[in-house]
Amino acid sequence: MKLSKVYEPSQYESDIYCMWEESGAFIAHPHSDKPKFSVSMPPPNETGTLSIGHALFLTLQDIMVRHARQKGKDALWLPGTDHAALPVNAIIEKQLSEEGTDKHDIGREEFLKRTKKFVGNSREVMAKQMRAMGASCDWSRFRYTLDDSLNRAVNEVFVRMYQDGLIYRGNRIVNWDPNLQTTISDDEIVYREETAKFYTLQYGPFKIGTARPETKFGDKYVVMHPDDKRYADYKHGDTFKAEWINGPITATVVKDKAVDPEFGTGVMTITPWHDHTDFEIAERHNLDKQQIIDFDGKLTDVAGEFAGMEIVEARPKIIEKLDKKGLLVSVDNDYVHNIALNDRGKGVIEPQIKLQWFVDVNKPAVDWKGQKCSLKEVMQSTVREGDIKIVPKHFEKMYFHWIDNLRDWCISRQIWWGHQIPVWYKKHETYVGVKPPEGKGWKRDEDTLDTWFSSALWTWSTLIDPKLAKNDSLGLNQLLEQSKDFQAYHPTTVMETGWDIIFFWVARMILSTTYATGQVPFKTVYLHGMVRAEDGKKMSKSRPESIIDPLHVIPKYGTDALRLALVMGVSPGNDQNWGTAKAETNRNFCNKLWNIARYIESQTDKLQPDAEPKPQTPADHWVLSKLDKAIKQIDESIENFNFSGAYFDLYHLIWDDVADWYIEAAKHNPDPAMLSYVLSTMLKLAHPFAPFVSETIWQTLKPDSNSMLIGEPWPNHVKYNAETAVEFEQIKSIVAEVRQIKTLLELKGGELRFKESKIIFDNAEIIKRLSRLDAVSSVGGGRGLMLTQTSEQSWLDIDKKMAVKLSDTLKDREKQLQKSINHLNDRLGNPSYAEKAPQSLVDETRAQLAKAEEEQLKVKNLLARL
RNA sequence: GGGUGAUUAGCUCAGUUGGCUAGAGCAUCUCGUUUACACCGAGGGGGUCGGGGGUUCGAGUCCCUCAUCACCCACCA
């Protein structure tokens with residue numbers, strides 16, 4: 001097969017992927033004695049299609065996994081998807097409402113059926129997209145967060161936590177979304193700044209401020225800071241009568257430090273049912289709590305004549321009434337405050353008191369390294385003690401800060417899509433178990449668990465053998481002990497994910513996994529940044545043009561170009577902007593590699609990757625030295641998660657060293673064996689980054705019919721003669737200087753003369769070719785323009801008249817050299833430099849000085865003769 | 001209010017424990033269609049590394065401080 005002139009990715013990509021997949025190259029082998037390398041793919045939500053952000057994580061993980069395989073490891077990359085309870089639920093409910101019905105009409109069973117159909121479609125699309133990205137994950141181990149075996153794990157953990165007293169049910173204030181009719185966790189809240197009216201109301205002898213008069217009906221406590229001198233006359237527990245919205249009330253004075261004396265009048269009334277801070281104050285002082293707003297967002301009977309009204313409708317009317325009663329003191333129209341919204345669906349959050357399930361993060365009930373710790377303490381310990389490394393490191397601070405402020409985790413959700421809570425009730429009895437209780441009359445808890453409760457188990461629940469999970473006689477520990485994948489691949493090697501879900505997911509995996517398995521979920525967390533639109537702004541659905549769909553990029557530029565663009569110039573944790581210019585650059589790079597292969601194909605029709613290279617010329621030794629260095633550097637960079645650094649080295653190795661120098665030099669007298677070696681090494685190095693083009697080339701030139709690049713080992717170090725390699729550096733600098741002079745003088749052809757130079761003599765043809773000279777010839781004595789940047793004696797045959805044109809350039813060069821010489825002299829003249837700097841550096845500086853002085857002398861002589 | 005990150009060429013960004021005259025890609029200018037590649041080659045221009053201090057023989061890199069931008073956390077009635 002012949003390589004076509006231009007690389008057209010779409011012609012090859014899907015065939016190549018099929019070939020890999022069918023060959024079993026992606027499949028992990030827990031029984032093999034190779035060292036293990038395992039990565040759990042963060043399961044994308046089954047809500048539609050993959051974004052460019054998914055393309056980024058697929059690329060980075062694929063690079064690590066392919067590299068690990070090449071390094072002789074048994075690599076498991078376990079793919080999967082997430083049921084994404086809240087977003088999916090929201091989508092289905094929206095569909096239902098568009099059809100003029102709702103979930104209660106159709107019932108739980110029908111609702112779940114419908115949902116399953118939706119996510120099923122979505123899963124197929126997403127798996128196709130992952131394949132299109134070249135993701136070399138083990139499809140035979142594909143998992144879904146609602147799989148039976150994962151459900152088993154969820155129930156086991158819930159039950160055990162309940163038995164350990166880590167899970168409890170209680171009336172607590174929760175974030176209630178009246179739109180979606182469910183609670184959400186603190187982390188799912190987003191805030192939006194809004195300008196609203198701020199009312200000051202007369203409340204007995206006090207003036208109180210509020211932006212929410214509709215919550216004030218039941219207010220019968222007035223709170224102030226205990227040290228506030230303005231209110232020293234009022235004692236904690238004092239009562240007074242006051243006229244209020246719906247008639248006279250009796251109010252009680254409460255002193256609490258939660259009140260900020262600087263804000264407003266320093267006095268406030270509280271609504272414990274609908275505010276976190278007020279709830280805490282009420283708990284501290286054992287105060288009454290009363291519901292003012294119901295779960296649909298309407299006012300309750302407490303509101304009297306306003307009962308049943310929506311908040312927006314009631315607010316102005318309440319103010320009107322207060323005003324008539326003379327209780328409205330003032331209105332500030334420019335009050336700026338934040339309102340809480342549900343991140344999913346953007347419904348306004350109304351805090352409510354509800355009976356919910358919580359995970360206690362402070363109770364010391366976890367055995368960790370021989371001590372009883374709280375979940376919080378274990379989470380802190382794993383990172384502090386280095387059991388888990390976070391890359392980049394600065395996210396550790398964010399992580400610790402989050403844990404410090406962590407409250408008990410509300411895990412129950414009032415939606416139907418998800419893992420139903422394994423709790424049953426009968427009158428006053430409660431049963432908690434993996435299996436339903438015996439006997440009649442039990443009713444299961446209607447709620448489901450927070451999606452993150454099941455995602456938190458992902459690194460290991462996916463490794464439980466699904467067959468074993470069906471066996472109810474086994475406990476969780478036995479399931480783990482007998483699951484071969486768990487034994488082989490847990491803890492996983494790396495968790496690669498976005499920093500935006502460090503709290504949602506990463507922290508919770510650490511929490512649940514340490515508790516349930518006694519192991520950390522992963523040894524290293526690598527956090528990548530977000531892919532943003534070209535203008536640096538977030539891609540968002542409100543600006544559809546800002547969203548980049550990987551499936552639109554791939555046909556135009558190729559998957560490899562997309563992958564390389566996502567890796568190029570990106571550092572851990574930093575966001576990147578997506579621009580098509582990057583895709584173009586990297587498409588060109590793929591084409592470069594392709595064309596190198598085309599040239600080499602013209603010299604040899606088969607690669608011999610295992611043949612020891614036999615370098616002859618300085619160019620051979622030099623290119624081997626470059627390859628050797630690149631093998632080491634790229635390897636190290638990938639292992640240190642420096643993906644852009646690895647690609648930088650690869651890019652310049654292939655484009656600069658091999659294409660621009662080695663191949664051009666080799667054309668003089670091509671050595672098929674050397675070219676074959678150089679190409680196969682480059683393909684191996686390129687493979688993790690650009691798997692498709694590298695494999696396509698390999699398949700064309702492969703040594704035998706079964707060979708696949710994906711199964712080739714990472715290249716070994718190569719032997720070369722360093723001194724011979726350096727000779728080529730001399731050749732390069734001669735060529736560079738000749739090219740420079742020729743361009744400046746607009747010279748065509750020309751002759752280079754040399755005296756007593758073995759290097760030039762041996763490589764005359766190469767120098768002639770690369771510098772596009774007419775001749776390179778040996779002479780007895782110098783004539784023409786002397787080259788200054790090489791120690792070889794050589795002259796470009798130019799008459800004096802032409803050389804004069806160079807005088808300005810030479811003068812500049814002379815000045816530059818003088819500056820450099822002064823600089824180096826200063827440095828060496830400083831006694832503490834010689835004393836304190838390492839010897840090798842001092843030697844290097846001396847050598848530089850000598851070189852600069854030699855060149856300066858030559859330049860001066862030249863100038864003198866012009 | 002608390003915290004983190006960023007600030008390097010016209011643009012987008014690398015720069016690993018401090019150590020050659022600070023780099024890349026794109027853009028720009030000059031020349032060039034020589035059979036691997038115009039998705040190309042050769043050469044050039046362009047930066048007092050956000051400002052100011054400090055530590056050091058030596059600072060883009062470490063410390064302090066200020067400024068601007070981005071983000072995270074908390075959230076005040």
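A note on names: the letters A, B, ... follow the listed sequences, proteins ahead of strands, and every chain is numbered from 1.
Side-chain contact between A:S733 and A:V735 is absent, with no heavy atoms from C-beta onward closer than 4.5 Å.
Looking at heavy-atom distances under 4.0 Å, A:A211 makes contact with sugar-phosphate atoms alone, never a base. Within 4.0 Å of A:H652, counting heavy atoms only, lie sugar-phosphate atoms of the nucleic acid but no base atom.
Close to B:A42, at under 4.0 Å from its OP1 or OP2, lies no side-chain N or O of A:K742. Between A:W655 and B:C37, a side-chain N or O to OP1/OP2 separation shorter than 4.0 Å is absent. Remark: A:K592 is not in phosphate contact with B:G25, judged by side-chain N or O atoms under 4.0 Å from OP1 or OP2. Close to B:U4, at under 4.0 Å from its OP1 or OP2, lies a side-chain N or O of A:K397. Listed pair A:N588 / B:C40 meets the phosphate criterion, a side-chain N or O lying under 4.0 Å from OP1 or OP2.
B:C20 and B:G32 are spaced 39 Å apart, taking the P atom of each and rounding to whole Å. For the C1' atoms, the distance linking B:G51 with B:G10 amounts to 22 Å, nearest Å.
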- Task: For RNA chain B, just give me the dot-bracket, please: Watson-Crick or G-U, both distances below 3.5 Å, ( ) intra-strand, [ ] crossing earlier pairs, | paired with another strand, . unpaired.
- Result: (((((((..((((.....[...)))).(((((.......))))).....(((((..]....))))))))))))....
- Query: Just by protein heavy atoms under 4.0 Å, how would nucleotides 7-21 of chain B read 5' to 3' in B, S and -?
  - Reply: -----SSS----BBS
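Of the candidates A:T700, A:L675, A:L679, A:T700 is the only one forming a side chain to side chain contact (heavy atoms under 4.5 Å, CB included) with A:E601.
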